[in-house]
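Structure first, commentary second.
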Amino acid sequence: MSVPEVHLILSIGLIEKDRNGDALWVWCYPSVTAELREILLRKCPLHQERPPPHSFLYGQHNRVWFYIAANQVEEVPVLDKITHFCVVLTAKDFNPEKYAALSRILSRIYMKQGSPVPMMESYLSVLTKGACSNEENGTFLCRDYDQRRAFLSSSVKEVVSQFGMETIILYTALMLKKRIVVFHPKLEALQEFTRALPAFVWHRQDWSIVHPYVHLIQVETITLQNCTGYVAGFTDPDVSNRLDLYDVYVNLAERNITVSQNAKEALALGKLHKDIGQMIVQLAEDPETSDNQIIKDINGKTREILSTLSSFAESSKEGEKPSINVELLRQKKFAPVTEQFLFQLAAAEQMLQT
């Protein structure tokens with residue numbers, strides 16, 4: 001187990017709902033900031049009148065990922081003063097399956113022991129050894145949860161089946177690092193959809209752009225606006241009125257995509273886009289084509305476009321990104337929409353001469 005992988009996990013916390021119906025932050029190791037604690041309390045489902053018996057959610061704030069596993073307490077003598085609790089993990093990496101598995105083990109420990117101390121022991125074991133185990137709760141190994149597998153765990157095919165040719169709007173917005181807001185009343189649908197989108201720009205392998213669960217609260221929206229481009233999920237339909245938050249608005253519940261007025265020129269579509277859109281739709285419609293193959297083929301097309309861009313570059317030092325010569329690009333006389341897209345892509349890829 002490599003040291004960087006072990007040290008991805010940052011903290012463990014505990015939220016309880018007592019028999020008066022109050023959800024309280026009761027314990028944490030080693031610590032989280034007051035701001036993050038407030039956000040985690042807001043995200044946890046224990047404020048609902050009837051929280052689900054078991055649920056798991058995740059999101060990020062300021063590049064810290066959080067994973068929250070909620071549990072109902074029934075006839076557990078050591079926890080007789082509470083009705084529910086949440087195990088809260090924070091980490092540097094996006095890996096929902098890994099932290100869902102770990103939180104299940106930690107939840108079982110707390111359910112049995114009624115004390116955070118044994119949970120902390122297992123947490124420290126994961127932190128230092130990348131593993132924890134006991135006879136009753138099974139074994140957890142960090143190495144069983146590959147980062148790449150987490151990236152590939154959701155379905156681009158499902159995205160295309162919902163939006164067809166409009167998927168090209170999402171591809172273009174992702175390529176140009178635009179701001180995408182997704183609305184759906186159900187958090188599970190948001191999490192599944194938003195985590196799929198970075199796979200359309202596989203050459204970056206950057207899941208830090210995903211913010212699956214954002215509230216329309218100033219501290220959260222300001223943090224979001226400080227990001228260059230993002231995919232942000234909201235369960236509040238009022239987000240559609242927040243034109244300052246998005247270039248592209250996806251109503252996942254109604255399956256429609258809207259490009260904001262300010263972004264219409266930047267996201268204008270030409271023949272290049274339509275060709276890519278048709279390719280994506282054809283791949284997704286083929287029952288024999290896997291999600292991994294679709295991602296691979298889209299990435300191949302993306303690489304072709306980036307190679308075209310690089311052909312207009314000045315010679316660069318080894319290890320440096322090529323720098324595009326604007327005049328060379330203009331002399332090629334692409335269609336205006338294509339030329340504009342290539343300029344914007346060069347800027348997004350930090351390939352424009354300054």
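In this chain, numbering begins with 1 at the start of the sequence shown.
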Are the side chain of [X] and the backbone N or O of [Y] linked by a donor-acceptor pair below 3.5 Å?
X: E220; Y: H215; value: yes
X: K92; Y: W65; value: no
X: N251; Y: R255; value: no
X: H47; Y: L41; value: yes
X: Y246; Y: T258; value: no
X: Q60; Y: F66; value: no
X: T289; Y: E285; value: no
X: N325; Y: E327; value: yes
X: R19; Y: D80; value: yes
X: D286; Y: E288; value: yes

Can [Y] be reached from [X] by stepping across I, L, V, M, F, W or Y side chains whose heavy atoms are under 4.5 Å apart?
X: L124; Y: L8; value: yes
X: I257; Y: F183; value: no
X: I294; Y: L174; value: yes
X: I12; Y: I9; value: yes
X: I217; Y: L46; value: no

### Message
Working note: I295 + F200, criterion side chain to side chain contact (heavy atoms under 4.5 Å, CB included); need CA distance, chi angles, decisive distance, verdict.
### Response
CA-CA 6 Å; I295 292 167; F200 285 93; over 6 Å; no
Between [atom1] on residue [X] and [atom2] on residue [Y], distance to nearest 0.5 Å:
X: M175; Y: T172; atom1: CE; atom2: OG1; answer: 8.0 Å
X: E339; Y: K333; atom1: CD; atom2: NZ; answer: 8.5 Å
X: Q225; Y: T223; atom1: CD; atom2: OG1; answer: 9.5 Å
X: S107; Y: N71; atom1: OG; atom2: CG; answer: 3.5 Å
X: T167; Y: L197; atom1: OG1; atom2: CG; answer: 9.5 Å
X: C44; Y: I15; atom1: SG; atom2: CD1; answer: 4.0 Å

### Of K264, K178, R179, the residue whose pairing with D247 passes salt bridge (Lys or Arg N to Asp or Glu O under 4.0 Å)
R179
### Summary
Of R104, R149, R195, the one forming a salt bridge (Lys or Arg N to Asp or Glu O under 4.0 Å) with E97 is R195
Check: [X]/[Y] side-chain N/O donor and acceptor closer than 3.5 Å:
X: S290; Y: N292; value: no
X: D93; Y: Y99; value: yes
X: Q293; Y: D297; value: yes
X: E349; Y: H203; value: yes
X: Y67; Y: T90; value: no

### Task
Output, in order, the C-alpha distance, side-chain angles, deciding distance and verdict of salt bridge (Lys or Arg N to Asp or Glu O under 4.0 Å) for R148 and D146.
CA-CA 5 Å; R148 182 185 169 93; D146 179 59; 5.6 Å; no
Test: [X] and [Y] ion pair at under 4.0 Å:
X: E121; Y: K129; answer: no
X: D275; Y: K271; answer: yes
X: D291; Y: K157; answer: no

#### Entry: Y213/L57 under side chain to side chain contact (heavy atoms under 4.5 Å, CB included): CA gap, chis, key distance, verdict
CA-CA 9 Å; Y213 186 23; L57 64 88; 4.2 Å; yes
Is any side-chain heavy atom of [X] closer than 4.5 Å to a side-chain heavy atom of [Y]?
X: F343; Y: L329; result: yes
X: S11; Y: P30; result: yes
X: H211; Y: L224; result: yes

### Query
So V250 and V248, side chain to side chain contact (heavy atoms under 4.5 Å, CB included) or not? Walk me through it.
CA-CA 7 Å; V250 181; V248 174; 4.2 Å; yes
### Task
Describe, in one word, how the ring planes of W207 and F94 are oriented to each other, choosing from parallel (under 30°), tilted (30 to 60°) and perpendicular (over 60°).
parallel
### Task
Evaluate side chain to side chain contact (heavy atoms under 4.5 Å, CB included) for H184 paired with T235, printing each intermediate quantity in order.
CA-CA 5 Å; H184 198 286; T235 56; over 6 Å; no
### Query
Would Y110 and E16 satisfy side-chain hydrogen bond (donor to acceptor under 3.5 Å, both in side chains), going step by step from the backbone distance to the final call?
CA-CA 12 Å; Y110 191 61; E16 292 180 343; 2.4 Å; yes
### Query
Under the 6.0 Å and 45° cation-pi test, does K332 pair with F312?
no
### By ring pair (Phe, Tyr, Trp, His ring centres under 6.0 Å) - contacts of F193 (at least two apart)
F163
### Message
Is it the case that the ring center of F140 lies less than 6.0 angstrom away from the ring center of Y145?
### Response
yes
### Task
Run the ring-centre check on H273 versus F341 and record whether the distance is less than 6.0 Å.
yes
